[in-house]
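Data block below; observations after.
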Amino acid sequence: QVQLVESGGGLVQAGGSLRLSCATSGRASGDDAMGWFRQAPGKERELVASISWTYDKTYYADSRKGRFTISRDNAKETVYLQMNSLKPEDTAVYYCALARGLYRDYVPGAPSAFDYWGQGTQVTVSS
């Protein structure tokens, strides 16, 4: 019923920028939240940022706030992740996720709170 498709990943040099996009096809609604996560080889999946679909509320991991920015376009049912000043340690597979049926402006940060996931897009940052 819900399909998430990430795009925008690729290979960049340290200090460069990328913008990831996640297009939904399951009609995200007002009590949903969208999130970006990443997983590097040998490491656990971790939160990058998440955002309420309706309310002006975002949630960032402290280590990523300032370089990464999450945003959305409700009309296009698309969420974005702008990544600046990329570092080699940012190399990972980046996943888009959707959490449904949340209470008002609650924005979760744990992977277990999200119900649907995209296939992921590879981001590689060279030194």
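Throughout, numbering of the chain's residues begins at 1 and tracks the sequence. Side chains are part of it too, since the values below use all heavy atoms of this structure and drop only hydrogens, waters and symmetry mates.
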On a heavy-atom basis, which atom in [X] and which in [Y] lie closest, and how many Å separate them?
X	Y	answer
Ser52	Arg72	O-NE, 2.6 Å
Cys22	Leu4	SG-CB, 4.0 Å
Pro108	Leu102	CD-CD1, 3.5 Å
Val79	Cys96	CG1-SG, 3.9 Å

Worksheet item: With sequence neighbours left out, which residue pairs that include part of residues 85-111 fulfil the ring-ring contact (aromatic ring centres under 6.0 Å, His included) condition?
Response: none
Response to the item:
For residues 28-83, the ring-ring contact (aromatic ring centres under 6.0 Å, His included) pairs (sequence neighbours left out) are Phe37-Phe114, Phe37-Trp117
From [X] atom [atom1] to [Y] atom [atom2], the distance as rounded to the nearest 0.5 Å:
X	Y	atom1	atom2	answer
Asp90	Met83	CG	CE	7.5 Å
Lys76	Ser21	NZ	OG	9.0 Å
Glu44	Arg38	CD	CZ	13.5 Å
Leu81	Ile51	CG	CD1	10.5 Å
Glu77	Met34	CD	CE	9.5 Å
Leu98	Ser50	CG	OG	12.0 Å

Look at the side chain of [X] and the backbone N and O of [Y], then say whether any donor-acceptor pair between them is shorter than 3.5 Å.
X	Y	answer
Glu6	Gln119	yes
Thr91	Val125	yes
Ser85	Gly15	no

Worksheet item: Would you call Asp32-Arg100 a salt bridge at under 4.0 Å N-O?
Response: yes
Indicate yes or no: at least one non-hydrogen side-chain atom of [X] is less than 4.5 angstrom from one of [Y].
X	Y	value
Gln82	Ser17	yes
Leu18	Val123	yes
Leu20	Thr121	yes

Worksheet item: Pairs in or reaching into residues 42-90: which pass disulfide (SG to SG under 2.5 Å), with residues at least two apart or in two chains?
Response: none
